[in-house]
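The structure under discussion appears below in the form of C-alpha cells.
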Amino acid sequence: MATQKLGEWVNSLIARFDAQLPIKTGLHTTQSMQNVKQNKECLVNVSKHKFSLVINGLTKTLQSVLQFKVNRPEAERNYLESQLIILDTLKQVLNSQPKDTTRLDETMYVKLLLPEICKFLNQQTENQQLKTLASEVLFALSLNNFTAVFNKISAKLVALSQVEDTSDLSDLELIQHMNMDLARLTKLLNEVVSKFKMLKSRPVIIILGQNLEKAIWNWMDNYPLEFTELQKRPNDELQDCCDKLFDHLNSLTEGSRRRVQIWPLQMMLLILCPKILEEINNAETGAPCSQQYLKKKSFIEEVKKAISNHHSSNKQLTEGAAVTCVRLCKASSYIPINDRLNVVFTLVQSVINDLKALLFNPPSNSKQFSKGVGFGTQECDLYIDCFVSCFRITPHNNDVLKVCLNTASPPMYHYVLVNALHKIITQPRLSWWPHISLIYNKAGELRNMFSDIVNRVTQGFSSHNCPKQTIPKLSNTFKLTKTTDEVLSSYKNILLWLVKLIHADPLLLLHNQGKQGHEIQRSTLDLITSLVSLVHQQWMPDVAQKAMEALLCLHQPESIELWNPEAPINTFWDISSQVLFYISQRLIQHQIANYTEILKWLREILVYRNRFLQKHSANANMGSNIPVCRQAHIKLEVVFFMYLWSIEMDAVLTSMSCFRLLCEEADIRCGADEMAVTQLLPNYPVYAELAAASTVLTTGTCV
C-alpha cells in the first residue's frame, strides 16, 4: 500500500511538472519560473529513490510536448523553453544516479528515452542549444546505460555490413556523444575493427571515422589523466586495435582522393600507440623500422610533406594536413609539459612552424587559408584549436597572438582570438596549462578592439535599420567576399564573444599595469560605458543580454576594486552612478522594450553595490557628493515609482522590492544616525512599506 501511494505521489509530481511548463501555461513570470525550478529540484531528489518512475514520466512528458504544433512566435518560444526544461531535468536526473547502479526495469525505460533523445541529435535545426543539451543528456545516460547505446551502434554496423544503405547513419552519430573511459573506448574500437572488413561503402567509413575521432577527443576531455597515463604506460590491447584500425582505414582509402578526410583519425590512432610512434620516429634518425609499420611511417611523411608544401596546387592535401597537424598539436597539450621528450612533442616541433605559416599569415602576405568558398564553424574551430594549442605548447611565443591582435588583420582573426581566449579561460584547466594571466598585458589592445567594434556595430546597425532577427549564420559570416550586411554581422559575432570574454574574466580587460589612477579610471569608464550602450540594442538581443551579465560581473565587489585601485570608493560613485543614470533615463523614456528584465537586472546591480558599500561602510560616502550621483538616485526613484503602474505584475513586484535596496543603501551609508538617513532618503518609511508589500501577490493590482 505504501509503495502504491508513493507511486501515485510521484505521478502527481510529474503531472504538476508537466502542467507548469511554458507550453501549457504560456507564462514567463518570476513566479512561474520559480515553480518550474522547484519542480525540477523535487524530481531530481525523488529520482534517487524512484528513478524508473521519474524517467518514464519525463519521457512521456517529452513525447507529449514534441507533438505540439506551433505557428506563432510566442508559442514557438514556449515550445523551445519547454523542451529545454525537460532536457535539462533529464540531464540532472541521470547525473544524480550513482555510477553502475542500473537495474533491469531502469534499462527498459532508458531504452524508451534513447529514441527521443536521438530525434534532437538528428534533426536539422539552427538552435544549437537544443542539440547541445540533448548531447549532454546522452552523455549522462550512457554512463550507467553504456550497453544500451553500444548495442544500438553495434546493430547499425551489422546492418550496414549487410545492406549498403547510407540514407540514415544517425546511429553512428551516437558515438561522439557517449561517456567513455579508456575501457569503454577500447571496447568500441575493438567492435569497429571486428565489423570493419564487412563495411564496403566509403561514405559510411568516412562518417564512422569522423565520429570515432570525436569520441577519442570526448574521452581525452573527460578523462585526461587516463590519456596522460597511457603515454607513460602504453595499453597493449588498445594499441593492438588502433594498429589494426589504422591499417584497415589505410587499405580501404589508399589511392582515394577522400583519404585526407580520415587523416585526423589516423593521427589520433597513432598517438594512442606510443610504442609504434616511438619506433617510427627513431627510424627518422636511421634506426630500423618494422615492416608492419612502414605504411604508418609513410603516412606521417605524407602529412609533413603536405603541410610544408602548402603553397602547392594540391589544396585537398593541404587542408587535410592542416586539420591533422592541428589535432596533433592539440593532443600534445594534453601531455604534461615536463615530459618534453615524448615523441608527440618531437612530431609537433617538425610541423608547428609550417602550420602557423599556413593558418596565421600576416594579412599582407596572402589570403587566409580556408576550406572551400566560405569560412564556417568547422574552419573557425580549426583556427581556435590551433591558437589555444600554440598558447599551451609555447605560451611565451606571441607570433599567433600578434597576428590576431593586428587591427589590419581580417575580422576572422579577431573572431578566432576572442573565442580562443574564452576557451582558455573557461575550459577545465589541466595543472600544466598556462594561465590566462599571461595575456593580461594585452588588455589595452583588447579594450581598443572592443571600443572600435562597438562603434562599428552600433553605427552600422543604426544606419542599416536592421530587423531584429536577421543575423546570418556563422557559415555565412566570414566569407571571403561579403556584402555590407555580412561584414556587419561578422563584427557583431566578434562583439558577442568580446562581451562574453569580459564576463568570463573581467581582469583581462580591466588590467592596467603601470598606469596612474586617473588613467585606469578613464579606461574603466570607457569600457563600462560601451557595455551600457549595448543593453538597450533591441536588434542585438543576444549581445544585450551578455552585456547585462558582463556589467553584473563588473559590479561584483572584487571587480569594483579594480576600477581604480588608488581610489576605489570615489571611482565607484562616479562610474556606477553613470550606469544607473543612463539606464534609468531610457526606462523613463520607454526606450527599452524588455523593461521587466532590465528592472530585475537593476535590482541585481543594486545588490552588488550594497555589498561593496558594506565592505567599505566606514568610508561609504567618500566621493558621493557629486551631481551624477544625486541625479542617478533621483532617476532611480522615478523609475521604480513609474513601474508600480505597469501592466506586468513582475515589473510591479520588482520595482517594489528595489525600494528595499534603496533603504538598505541608506542604512549602510548612515549607520545608526536616523537623522542622516532621513536627509539622505526622505521617503524611507514609505519605501520600506512598499518593499514589505512586494512579497504579497495579488490579482490585478498591488495594494
Side-chain angles (χ1 to χ4, degrees), residues 12-43 57-93 112-113 115-137 466-474 496 536-546 548 590 592-601 643 646-654 697 699-700:
S12 173
L13 179 61
I14 291 169
R16 186 173 69 179
F17 173 83
D18 182 290
Q20 293 185 350
L21 290 171
I23 194 71
K24 302 289 180 69
T25 64
L27 298 175
H28 288 273
T29 63
T30 301
Q31 189 60 46
S32 66
M33 291 296 103
Q34 186 65 31
N35 290 340
V36 169
K37 182 181 177 182
Q38 289 175 351
N39 288 337
K40 283 169 64 175
E41 291 172 353
C42 202
L43 281 173
L58 287 173
T59 302
K60 289 180 178 178
T61 299
L62 182 60
Q63 289 170 334
S64 68
V65 167
L66 292 177
Q67 291 174 359
F68 274 83
K69 304 294 182 185
V70 293
N71 50 22
R72 290 178 293 106
E74 185 61 27
E76 286 179 6
R77 179 192 175 192
N78 293 335
Y79 181 61
L80 173 62
E81 286 289 334
S82 298
Q83 292 176 82
L84 292 172
I85 289 168
I86 298 168
L87 288 173
D88 187 57
T89 308
L90 281 165
K91 183 182 77 169
Q92 292 185 42
V93 165
L112 293 175
L113 172 62
E116 302 303 323
I117 301 303
C118 289
K119 290 178 184 176
F120 289 98
L121 298 173
N122 301 335
Q123 69 183 3
Q124 297 297 319
T125 175
E126 292 184 12
N127 193 299
Q128 196 57 40
Q129 194 178 2
L130 272 179
K131 279 197 170 185
T132 300
L133 201 46
S135 175
E136 291 171 356
V137 171
C466 285
K468 298 175 189 177
Q469 76 280 6
T470 55
I471 302 298
K473 293 186 292 185
L474 187 60
L496 176 62
H536 72 286
Q537 303 290 354
Q538 298 176 34
W539 48 79
M540 297 188 296
D542 49 352
V543 174
Q545 180 61 39
K546 292 301 175 184
M548 290 163 63
H590 300 288
I592 300 178
N594 59 330
Y595 58 84
T596 302
E597 295 305 313
I598 299 295
L599 286 170
K600 291 177 182 177
W601 171 78
Y643 285 92
S646 171
I647 59 173
E648 288 193 31
M649 180 58 71
D650 245 8
V652 174
L653 294 174
T654 302
L697 272 173
T699 54

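The chain is numbered in sequence order, starting from 1.
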Go through the structure and list residues passing side chain to side chain donor-acceptor pair (under 3.5 Å) with Thr59, not counting sequence neighbours.
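Result, side chain to side chain donor-acceptor pair (under 3.5 Å) vs Thr59: none returned.
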
Within the 4.5 Å heavy-atom criterion, are [X] and [Y] side-chain neighbours or not?
| X | Y | result |
| --- | --- | --- |
| Ile23 | Gln83 | no |
| Ile85 | Phe17 | yes |
| Ile598 | His536 | no |
| Leu87 | Ile117 | yes |
| Leu21 | Ile86 | yes |
| Ser646 | Leu599 | no |

Residues forming a side-chain contact (heavy atoms from CB on, under 4.5 Å) with Leu80, sequence neighbours excluded
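Leu80: side-chain contact (heavy atoms from CB on, under 4.5 Å) contacts with Leu84, Asn127, Leu130.
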
Salt bridge (Lys or Arg N to Asp or Glu O under 4.0 Å) against Lys119, all qualifying residues, sequence neighbours excluded:
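Counting only residues at least two positions away or on another chain, Lys119 forms a salt bridge (Lys or Arg N to Asp or Glu O under 4.0 Å) with Glu116.
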
Atom [atom1] in [X], atom [atom2] in [Y]: separation rounded to 0.5 Å?
| X | Y | atom1 | atom2 | result |
| --- | --- | --- | --- | --- |
| Gln128 | Leu133 | CD | CG | 11.5 Å |
| Met548 | Asn594 | CE | CG | 6.5 Å |
| Thr596 | Trp601 | OG1 | CH2 | 15.0 Å |
| Ile592 | Glu597 | CD1 | CD | 12.0 Å |
| Ser12 | Ile14 | OG | CD1 | 9.5 Å |
| Asn39 | Thr89 | CG | OG1 | 9.0 Å |

Which heavy-atom pair separates Cys42 from Leu13 by the least distance, and what is that distance?
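The answer is SG-CD2, 3.8 Å.
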
How close do Gln20 and Thr25 get, heavy atom to heavy atom, and via which atoms?
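Looks like CA-CG2, 3.8 Å.
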
For residues 29-42, pull every pair meeting salt bridge (Lys or Arg N to Asp or Glu O under 4.0 Å), keeping only residues two or more places apart or in separate chains.
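Those involving residues 29-42 are Lys40-Asp88.
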
Contact list for residues 15-24, test salt bridge (Lys or Arg N to Asp or Glu O under 4.0 Å), sequence neighbours left out:
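Non-adjacent pairs meeting salt bridge (Lys or Arg N to Asp or Glu O under 4.0 Å): Asp18-Lys24.
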
Residue list, ring pair (Phe, Tyr, Trp, His ring centres under 6.0 Å) with Tyr643, at least two apart or on another chain:
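Here the qualifying residues are Tyr595.
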
Give a yes or no on whether the backbone of Asn78 and the side-chain of Ser82 come within a donor-acceptor separation of less than 3.5 Å.
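Yes, the answer is positive, given that a donor and an acceptor are paired below the 3.5 Å cut-off.
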
Does the pair Asp542 and Lys546 meet the rule for a side chain to side chain contact (heavy atoms under 4.5 Å, CB included), with working shown?
CA-CA 6 Å; Asp542 49 352; Lys546 292 301 175 184; 5.8 Å; no

